[in-house]
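When a ligand or atom number is given, it counts from 1 through the structure's own listing order.
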Amino acid sequence: MQLEDLQALDRRNVVGSYARLPLQIVRGAGSWVWDQDGKQYLDLFCGISVTNLGHCHPRVVEAIRDQAQTLIHASNLFYTEPGIRLAERLSASSLGGKVIFGNSGAEAIEAAIKCARRAKPGGSVVSLEGAFHGRTYGALSATHQEAKQAPFAPLVPGFKVAAATADSIERAVGPQTAALLIEPIQGEAGVHVIPTDVLQAARAACDRHGAALIFDEIQTGMGRTGSLWAYQQSDVVPDAMTTAKALGGGLPIGALITGERLQDALQAGDHGSTFAAGPLVASAALAALDVTDDPELIFRVNELGEHLRERLAALPGVSDVRGRGLMVGFDLEQGDAPGFVERALSEQQLLLNATGPSTVRLLPPLTIDDAEMAEGITRIATALAGHKPG
Ligand SMILES: *Cc1c(COP(=O)(O)O)cnc(C)c1O
């Protein structure tokens, strides 16, 4: 189908909740996607850090194909091996407690909130200014952005906001706090790294008041920032963390991974989900973890990330390059990031993302090779040279 016809069909039939870019993607392989005419695009966005291993990674495809021919669904009323083995892998690779699964990032956040409130009944949930935790009511209530929250009031009670400073966190967290929710690097806000001293203050405040420190690693996890989990780059260990996006190798899955302290907070009957960690998605996630949890791949993510940030910082018109590993953001001195991203798409066949009026975000595949990275940087430089806002 041609793009114009698909756009008309979309307008008539799909609720208009997305501002889509004018590209139909029909196929993907590695760092590349193709449109209906066979035109090839370099993907430095990875579907918001979902296809971290590139499109249709052979190990993920093989795991999905094998499992699809064996058993697709059974429900959580029975035992199936892939989901339980996945829980073991996730726990052993991080906080050492138990895991509860859902089908998305927002659902992992819901599980986190329920888990923390079960541990401290009636307690409040503190999250940070600029944070994004998802669109369901609990997750939205922790996402303190006027434009996202206001149309849907009243929200869930008991949610509070703090600025991303030690002072503000110390004031917001008290004896009635059940959870403090933090993205170690705020992704949707434009790739803002929360400084280590702020994370340390958060840990201390939670310890002082018996609150759960929960990291939202839905975007930062699965190798994206140059370690399997972002928290591993600081000395701050949360009581629980959420993961989703890249976990399923492209299939939908979310998880709350707890440490020892919260591992038995939720009990039989407290929470559940029909699809959660079914055999198909769990097999894909095990394959994705096999490929991602590899010191060589992680080492390359750091090297490539450093190189990318250096090269971006040297480009005229670029300021404040930031991020860790291959989670990278920068500002355009002339603004109009959405216009820049659209022109990079139409003129350079390059997939990027604008998180705000002047911020561009890059989430390249962790498997990108040197030549593809060089090509990406060249295309960004060319797009920048022609960037004339308004
Ligand atoms: C994407 C994201 C979410 C929400 O995940 P969904 O799968 O869209 O529900 C929550 N937190 C962070 C940090 C995210 O990046």
Discussion item. For a quick check: using heavy atoms under 4.0 Å, what are the residues in contact with ligand 1, sorted by chain and number?
Written reply: S104, G105, A106, F132, H133, G134, E183, D216, I218, Q219, K245
Worksheet entry | Side-chain heavy-atom pair L128, Q186 within 4.5 angstrom cut-off | yes
Item to complete: Decide yes or no on salt bridge (charged side-chain N to carboxylate O under 4.0 Å, His left out) for R89 and D290, but give the supporting numbers first.
Response: CA-CA 10 Å; R89 280 290 293 273; D290 276 343; 2.8 Å; yes
Enumerate, atom names and distances included, each donor-acceptor pair closer than 3.5 Å involving a side-chain atom of residues 312-326, sequence neighbours excluded.
unit_1	atom_1	unit_2	atom_2	d
D320	OD2	R322	NH1	2.9
R322	NE	G190	O	3.1
R322	NE	V191	O	3.0
R322	NH1	D320	O	2.9
R322	NH1	D331	OD2	3.4
R322	NH2	G190	O	2.9
R322	NH2	D331	OD1	3.3

Closer than 4.0 angstrom, basic N to acidic O: yes or no for [X] and [Y]?
X: E188; Y: R361; answer: yes
X: D370; Y: R300; answer: yes
X: R379; Y: E375; answer: yes

